[in-house]
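Right, one structure below, let's go through it.
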Amino acid sequence: VLPATPKFLIDNVVGGRPIEMPPGLSALAAPLAEMSRGDLLTALATAVGVATLIQALTSFALSQVLGVAAQRTITEMRRAVQAHVLRLPVRYFESTKSGVLISRIMSDAEGIRNLVGTGLVQLVGGLTTAAFALLILLWLNWRLTVLTLLLLVAFGGVMGFAFRRMRPIFRERGRLNADVTGRLSEALGGVRIVKVYTAERREERVFSRGVHRLLRNVATAVTAVSAVGAFAAVVVGAIGVMMLVIGGRSILAGTMTLGDLITYISFTFLLASPVVQIASIGTQLTEAFAGLDRIRELMRETTEDADETGRRPLGPIRGDVAFEDVVFGYEEGVPVLQGIDFHAPAGSTTALVGSSGSGKSTLISLVSAFNRPWSGRVLVDGRDLATVRLRDYRSRLGVVLQESFLFDGTIAENIAYGKPRSGREEVEAAARVANCEEFVAGFADGYDTVIGERGVKLSGGQRQRLAIARAILADPDILLLDEATSSLDSESEAMIQEALANLRRGRTTFVIAHRLSTIRSADQILVIEGGEIVERGTHAELMALGGRYRDLHDRQYRLETNLYVNPGEELRVGDEGEALDRLAVPATRGDG
């Protein structure tokens, strides 16, 4: 309506010419021809006013609908990607920075707004309008319209080529942005280490190199977009020159009126506008597709529960665990565990000892089903873990790791993390067993105290006790303790040992401990060296064997005990059992 109005205003209202309509619309010409110039002017003004109002209302409604739809789509995509990421195997997280994953989930999904929101409105709406404009332009001057179309088709081809070349640039920008975000996240998370080692300038240089690489990428993209914009300006200028030359000659020849030319120019703008708009929204769309490419790569990663369709529910378990000739490694051809074969009866405690890097934590990761053996089987109650639903199995696990991870929430929320529907009484009971009440009472807000990111407001021992309370409340069938008392001082360790003894009772427990005094009561001790079990037995049996375990035991107590007895002197001790066992260390040759 709006671009057609100048023709009637100039030719019919001002010029007084009779009204002409396209053949298909000739029925409308008769009532219009009977109007006076004043009535026609009023009709034109009314049509423009109504059209403007309709356009305003529909544009607002469409933007609202698609704006909300875009946000809903972004939210759903973020939710789906986050759910997929959390189901990826642990090994994926070991090789991918958390900052990269955060960028994938939060930033890459943001580009959907340009596909569903304003970009789509402009593109689809503009192309629809252009289709109607093309019909009217062919009626007004088909020769000029054909030449205009050829220029626009050439422009569209160049745009398609340009944006195909720009897409990898935007993909690289996403990768660079994720790398910079990941490093920044690490530096902020480890700010105490950064400050202790006066590495502020070093981190500043690393960050500067990252953002400058990002700057170069952005500069390349801006140059490409500017070139596209310049080419669009050239095309528009060429169309304008053609309209001046051909349209002016048509007016001189009498084949077009002045109103026809003004209307033609208006409809040409409607036809060219969507194509030219590609130069502005094309960048947004290309960036959005690049983000979707990165999300698609992430969503193609196989989740650890991808092959669980059709598996039967696990049901209650006793906790009988067995390894049958298990071989596993992280890198192909480099096994970490070789020929691991043992049986942990339900309710028993199995301790794992050995030097650092011998494979103890790797064995625990297999019990947790974080990794799958290359060969051999891990059995729970006689069922191969490879045939069990991971969610069912892990709901029966409790774990206390060497580095206790806590969330930025209250003490009560962290204890109840493994059993979120627990009441406050249950939370406090678990805290008492883990000896947490001692320090919780020191906080003004008690169990409602917010402990900060990773529990930064607590000491290492306090964090460890909260982790133990969390495991106690979860009431697992299989318990995994990886250096569970490593962050505790001697007094705290003594208090925790009793809590752990209560926690272990009736549960199949696997313990990794460098302090050998903490595993004396284990039902079996496995000595692992070089990825193999070199000794197994109880504490007494292994001490009597005089092998690797005895060597580790004696070396540890030699480091812990600073005591020298001269030849011929008598040493009296209180607790004979403990003290004499500690003194059962080969003396230096020549001493009595």
Side-chain angles (χ1 to χ4, degrees), residues 76 78-96 101 105 298-330 336-337 340-348 350 352 361-401 405 407 416-422 426 467 470-482 503-504 506-510:
E76 287 301 311
R78 283 174 175 163
R79 185 197 60 77
V81 175
Q82 185 263 2
H84 182 84
V85 166
L86 288 182
R87 288 163 43 225
L88 293 175
V90 170
R91 64 177 179 275
Y92 181 84
F93 297 92
E94 293 169 348
S95 59
T96 307
L101 296 176
I105 296 170
L298 185 57
M299 296 297 283
R300 278 199 295 260
E301 292 287 338
T302 305
T303 60
E304 58 183 357
D305 58 354
D307 57 350
E308 291 188 355
T309 305
R311 293 183 183 178
R312 293 182 291 107
L314 180 60
I317 65 173
R318 294 180 295 108
D320 187 277
V321 178
F323 275 54
E324 294 183 349
D325 197 24
V326 169
V327 177
F328 172 76
Y330 298 100
V336 177
L337 297 177
I340 300 297
D341 199 296
F342 70 90
H343 177 220
S348 66
T350 299
L352 309 175
S361 294
T362 300
L363 192 150
I364 289 290
S365 76
L366 292 175
V367 177
S368 308
F370 289 152
N371 295 296
R372 298 282 175 84
W374 289 354
S375 63
R377 298 191 302 169
V378 179
L379 305 176
V380 174
D381 291 355
R383 261 184 93 173
D384 191 341
L385 270 188
T387 66
V388 169
R389 291 183 183 177
L390 289 178
R391 185 176 180 85
D392 290 352
Y393 172 64
R394 287 183 182 150
S395 66
R396 272 77 170 180
L397 295 180
V399 61
V400 181
L401 299 175
F405 187 93
F407 293 89
Y417 189 79
K419 193 179 178 183
R421 293 184 178 86
S422 303
E426 294 177 277
R470 182 168 58 193
I472 291 172
L473 184 60
D475 192 23
D477 296 304
I478 299 175
L479 182 64
L480 309 175
L481 305 176
D482 187 352
L503 175 61
R504 286 162 41 188
R507 295 181 174 90
T508 306
T509 305
F510 291 87

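One is the number of the first residue; the rest follow in order along the sequence.
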Could you grab the distance from atom [atom1] of [X] to atom [atom2] of [Y], nearest 0.5 Å is fine?
X: Asp325; Y: Leu337; atom1: CG; atom2: CG; answer: 11.5 Å
X: Leu390; Y: Phe370; atom1: CG; atom2: CZ; answer: 10.0 Å
X: Arg421; Y: Glu426; atom1: CZ; atom2: CD; answer: 12.5 Å
X: Leu101; Y: Tyr92; atom1: CG; atom2: OH; answer: 5.0 Å
X: Leu86; Y: His84; atom1: CG; atom2: NE2; answer: 10.5 Å

Heavy-atom closest pair, residues [X] and [Y]:
X: Gly319; Y: Thr508; result: O-OG1, 2.5 Å
X: Ser348; Y: Ala344; result: OG-C, 3.6 Å
X: Val367; Y: Leu385; result: O-CD1, 4.0 Å
X: Pro476; Y: Gly398; result: CB-N, 3.2 Å
X: His343; Y: Asp320; result: NE2-OD2, 2.8 Å

Test item: Phe323 and Val378 side chains (from C-beta on) under 4.5 Å apart, heavy atoms: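 SC-SC contact between Phe323 and Val378 confirmed.
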
Gln82 and Val85, any side-chain heavy atoms less than 4.5 Å apart: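 Heavy-atom side-chain distance check fails, nothing below 4.5 Å.
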
Whether over 12 other heavy atoms sit under 6.0 Å from Arg389 CZ: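 Enclosed.
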
Over 12 foreign heavy atoms within 6.0 Å of OH, Tyr417: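 Incorrect, the count does not exceed 12.
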
From CA spacing to verdict: side-chain contact (heavy atoms from CB on, under 4.5 Å), Leu314, Val380: CA-CA 10 Å; Leu314 180 60; Val380 174; 5.8 Å; no

Check against side-chain contact (heavy atoms from CB on, under 4.5 Å), Arg318 and Asp477: CA-CA 7 Å; Arg318 294 180 295 108; Asp477 296 304; over 6 Å; no

Asp475: which of Arg507, Lys419, Arg396 passes side-chain hydrogen bond (donor to acceptor under 3.5 Å, both in side chains):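 Answer after filtering Arg507, Lys419, Arg396: Arg507.
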
side-chain hydrogen bond (donor to acceptor under 3.5 Å, both in side chains) pairs, two or more places apart, involving residues 363-383: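 Only Glu324-Arg377, Ser365-Asn371 qualify under side-chain hydrogen bond (donor to acceptor under 3.5 Å, both in side chains).
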
Audit row: Arg394, Leu397, side-chain contact (heavy atoms from CB on, under 4.5 Å) steps and yes/no: CA-CA 5 Å; Arg394 287 183 182 150; Leu397 295 180; 4.1 Å; yes

Whether Phe510 and Phe342 hold their rings parallel, tilted or perpendicular, with breakpoints at 30° and 60°: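 Aromatic pair Phe510/Phe342 classed perpendicular.
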
For Leu363, the option from Val326, Thr350, Ile340 that meets side-chain contact (heavy atoms from CB on, under 4.5 Å):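 The option that passes is Ile340.
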
Non-neighbouring partners of Asp392 that pass salt bridge (Lys or Arg N to Asp or Glu O under 4.0 Å), sequence neighbours left out: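 Per chain and number, Asp392 pairs via salt bridge (Lys or Arg N to Asp or Glu O under 4.0 Å) with no residue.
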
